[in-house]
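Remember, it's 1-based here, ligands and their atoms both numbered in the order they're listed.
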Amino acid sequence: MLITVERILTHWEQESESTQKILDALTDESLKQEVSPKDRTLGRIAWHVVTSLGEMIGRTGLKFEAIAEEAQVPQVAREMAEAYRTSSAAIVAAIRAQWTDATLNEEVDMYGEMWTIANTLDIVIKHQTHHRGQMTVLMRQAGLTVPGVYGPSRDDWATYGEQPPEL
Ligand code: NI
């Protein structure tokens with residue numbers, strides 16, 4: 001299938017909306033939630049998702065205002081959610097201004113391998129999806145309301161006025 005900037009942006013917008021829903025549901029208290037002392041806390045993963053936009057998409061040469069990878073992890077959930085919202089909007093605007101469909105076939109050095117820009121965007125989206133999955137489990141452990149992503153969460157069933165499927 002022909003990959004175009006419009007298709008990439010549609011995909012990005014769908015996926016970033018899902019990520020935004022997750023980040024918007026975090027509370028300051030929940031940021032400390034961990035699955036084990038050896039693993040990243042919910043806040044640390046959330047901030048990694050935010051900073052990975054600049055770290056990964058920045059490698060394509062796209063110029064946009066991003067949060068530095070080494071930026072300190074905020075203690076306030078809203079700051080993370082707003083940083084993601086701003087970065088994602090900056091990415092969409094920068095792609096519209098700086099890329100054409102031909103740009104998507106250009107290859108860039110990603111961690112020592114040459115990837116097309118289209119593939120890089122796809123990997124960024126998969127990376128985000130991977131961490132969203134981790135976050136929803138930590139959110140459940142922290143007692144938060146979990147938004148549905150590709151399908152309804154347990155909490156969504158209640159808002160439909162229905163029982164969730166049997167365990
Ligand atoms: Ni990661």
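- In this structure Gln128 satisfies the side-chain hydrogen bond (donor to acceptor under 3.5 Å, both in side chains) test together with Thr19, Tyr84, sequence neighbours excluded.
- Protein N/O/S atoms closer than 2.8 Å to the Ni ion (ligand 1): His48 NE2, His127 NE2, His131 NE2.
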For residues 49-61, run the donor-acceptor check on the side chains, cut-off 3.5 Å, and write out each pair with its distance to 0.1 Å, sequence neighbours left out.
unit_1	atom_1	unit_2	atom_2	d
Thr51	OG1	Trp47	O	3.2
Thr51	OG1	His48	O	3.4
Ser52	OG	His48	O	3.2
Ser52	OG	Val49	O	2.9
Glu55	OE1	Tyr111	OH	2.8
Glu55	OE2	Arg59	NE	2.8
Glu55	OE2	Arg59	NH2	2.7
Glu55	OE2	Tyr111	OH	3.4
Arg59	NE	Glu55	O	3.4
Thr60	OG1	Ile57	O	2.6
Thr60	OG1	Leu62	N	3.2

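- When the side-chain contact (heavy atoms from CB on, under 4.5 Å) test is applied to Thr145, the partners found at least two apart in sequence or on another chain are Asp155.
- At a threshold of 4.0 Å, the pair Arg96-Glu6 counts as salt-bridged, since one of the basic side-chain nitrogens sits closer than that to a carboxylate oxygen.
- Put simply, the side chain of Gln98 gets close to the backbone of Lys63: a donor and an acceptor are under 3.5 Å apart.
- The aromatic rings of His127 and His131 lie perpendicular to each other, with more than 60° between the two planes, well past the 30° mark.
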